[in-house]
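Heads up, the thing below is written out as structure tokens.
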Amino acid sequence: MAEESDAERTEPASARRLEQAREEGDVPRSREIGTFAVLMTSGLMLWLTGNSIVQSLRHCLVSGLSLTKEQIFSPDVLVTRIMVDVMQVVIACAPTAGAVMLVALASPLAIGGWLFSAKSLSPNFGRMNPLRGLTNMVSLHALTELLKAIAKTLLVGGVAWMVMRSQRDAVLALALEPIRNGSAHMVDLLIVAFLMMVSGLGLVALIDGPYQVWHYADKLKMTRQEVIQESKESDGNPQVKGRIRQLQREMARRRMMAAVPTADVVVTNPTHFAVALKYQDGKMRAPQVVAKGADDVAAKIRELALEHKVAILEAPPLARALYKHAEIGDEIPPALYTAVAEVLAYVFQLRAWSKTGGNKPKKPTELEVPPQLDPLNPAAQSPDGETT
């Protein structure tokens with residue numbers, strides 16, 4: 001089997017793609033659900049409140065036909081009478097109108113939710129392209145809409161025929177009833193027939209809802225290249241990110257090297273590791289690591305230390321322990337306080353000797369470094385007691 005082409009839209013839409021579509025006013029919508037909800041609500045409300053509406057209309061009609069000659073030629077009385085009658089009709093129809101309006105506003109919540117997008121209101125001249133219109137006429141979506149319209153016609157027509165056939169005797173009996181009872185009975189039959197036909201639309205809405213969700217997801221599918229490109233745009237190009245990390249490391253290294261001249265002592269391995277320490281009495285609770293490095297970086301630290309006359313002490317176990325268990329800017333581990341204190345004491349004595357002379361201080365040789373902090377020791381552990 002041939003490999004799938006990258007140009008085929010096989011990947012589901014990403015969250016960013018869905019958000020962009022929503023910003024443009026493109027969300028899944030089912031007109032059938034909205035139509036069914038509004039029509040069904042109208043039918044049910046007319047069934048529940050139809051009697052009061054009919055009574056209000058009847059009262060308004062009787063009131064309008066029972067005006068006297070004096071009332072007709074009196075503008076104030078006529079306007080007041082008409083306003084009263086109209087308000088009665090409005091009050092009677094208000095529950096139905098309010099329920100229909102509420103359902104019309106709530107029906108978009110079923111699929112897609114409420115949405116207002118200024119982009120959808122802006123003119124789109126691409127929709128005026130006749131070639132695009134012809135393409136849409138022969139698309140799968142257009143065929144689906146045609147089949148849906150045919151299905152609605154057949155379904156509603158079939159339900160209407162079944163209702164008329166089942167209520168044939170009742171309709172013919174209306175001619176034998178008094179006009180008042182016959183009118184009320186006819187209204188009941190019409191409302192029942194209306195509800196039955198709208199129920200048929202419910203089946204169409206039940207199918208159309210999931211189809212619109214599927215069609216929307218299929219329309220927004222992405223190619224593999226689009227997914228890769230979007231990942232690069234959102235997460236950043238890996239090459240650019242690598243370059244940024246490299247620059248950040250270089251800047252950090254330059255800052256570290258700039259701190260070497262301010263150190264009090266550089267403890268070395270002597271060639272593999274170098275750790276620069278600094279201590280300010282009264283400002284620091286314990287000595288801090290201002291620079292550290294291995295191999296080439298260690299050589300650069302030693303070079304800077306020699307250039308700026310910073311004391312260098314070869315103490316392999318201590319250098320290894322400091323390099324392993326202390327980061328730049330951190331205080332040294334408490335377990336190394338004694339060893340570092342001996343080193344700093346030697347450094348301060350060395351400074352005093354260089355100024356005043358006398359007996360040159362001896363380099364400390366037996367520094368107390370706990371075996372568990374030396375990385376070369378098999379039992380080496382971190383300061384917290386965890387094996388490294």
Side-chain angles (χ1 to χ4, degrees), residues 243-377 380-383 388:
R243 178 59 178 167
I244 292 175
R245 286 194 295 268
Q246 180 182 358
L247 292 175
Q248 290 174 340
R249 287 193 295 267
E250 292 178 357
M251 292 174 63
R253 181 176 298 178
R254 285 196 293 269
R255 288 195 299 268
M256 181 184 71
M257 293 303 179
V260 172
T262 67
D264 293 315
V265 63
V266 174
V267 183
T268 65
N269 192 34
T271 57
H272 294 299
F273 301 109
V275 180
L277 301 176
K278 181 178 182 179
Y279 178 69
Q280 292 179 315
D281 190 17
K283 296 183 179 180
M284 295 182 181
R285 188 181 62 176
Q288 292 182 353
V289 176
V290 295
K292 72 174 187 176
D295 300 329
D296 294 340
V297 178
K300 183 64 176 177
I301 292 175
R302 292 194 301 270
E303 180 183 342
L304 288 173
L306 289 173
E307 181 181 347
H308 293 86
K309 298 180 180 181
V310 178
I312 299 177
L313 178 66
E314 294 183 5
L318 179 60
R320 291 192 297 265
L322 289 170
Y323 184 84
K324 177 68 176 180
H325 301 292
E327 298 298 329
I328 298 173
D330 292 347
E331 296 179 352
I332 63 173
L336 297 177
Y337 280 179
T338 302
V340 173
E342 292 184 37
V343 172
L344 290 176
Y346 164 72
V347 171
F348 296 150
Q349 292 171 6
L350 191 63
R351 289 178 182 175
W353 170 79
S354 64
K355 292 180 180 180
T356 62
N359 296 326
K360 185 176 181 180
K362 294 182 180 180
K363 291 184 179 180
T365 56
E366 300 295 332
L367 297 174
E368 186 179 349
V369 178
Q372 65 269 22
L373 295 185
D374 188 351
L376 295 184
N377 193 302
Q381 294 183 345
S382 67
T388 58

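Both backbone and side-chain heavy atoms feed into the values below; hydrogens, waters and symmetry mates do not.
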For [X] against [Y], the heavy-atom pair lying closest together:
X: Ala305; Y: Val266; value: CB-CG2, 3.8 Å
X: Arg302; Y: Ile312; value: O-CD1, 3.8 Å
X: Ala294; Y: Tyr323; value: CB-OH, 3.7 Å
X: Val310; Y: Ala263; value: CG1-O, 3.6 Å
X: Asp264; Y: Tyr279; value: OD2-N, 2.7 Å
X: Ala339; Y: Leu367; value: O-CD2, 3.9 Å

Quiz item: Looking at residues at least two apart in the chain, or sitting in another chain, which of them share a side chain to side chain donor-acceptor pair (under 3.5 Å) with Arg320?
Solution: Asn269, Asp374
Quiz item: Taking only residues two or more places apart in sequence or in another chain, which ones pass side chain to side chain donor-acceptor pair (under 3.5 Å) with Glu331?
Solution: Arg285
Quiz item: Quick one: does His325's side chain have a donor or acceptor within less than 3.5 Å of a partner on Pro333's backbone?
Solution: no
Quiz item: Do His308 side-chain atoms and Leu304 backbone N/O form a donor-acceptor pair below 3.5 Å?
Solution: yes
Quiz item: Around atom CZ of Arg253, are there more than 12 heavy atoms of other residues, nucleotides or ligands at under 6.0 Å?
Solution: no
With a 4.5 Å cut-off on side-chain heavy atoms, are [Y] and [X] touching?
X: His272; Y: Asp295; value: yes
X: Lys292; Y: Phe273; value: no
X: Leu277; Y: Gln288; value: no
X: Val260; Y: Lys300; value: no

Quiz item: side-chain contact (heavy atoms from CB on, under 4.5 Å) with Val369: which of Leu336, Val340, Leu322?
Solution: Leu336
Quiz prompt | Gap separating the CG atom of Asp296 from the CD1 atom of Ile301, nearest 0.5 angstrom | solution = 11.5 Å
Quiz item: About how many Å separate CG of Leu344 and NZ of Lys278, when rounded to the nearest 0.5 Å?
Solution: 12.5 Å
Practice problem: Check the pair Ile328 / Arg255 against side-chain contact (heavy atoms from CB on, under 4.5 Å), numbers first and verdict last. | Solution: CA-CA 11 Å; Ile328 298 173; Arg255 288 195 299 268; over 6 Å; no
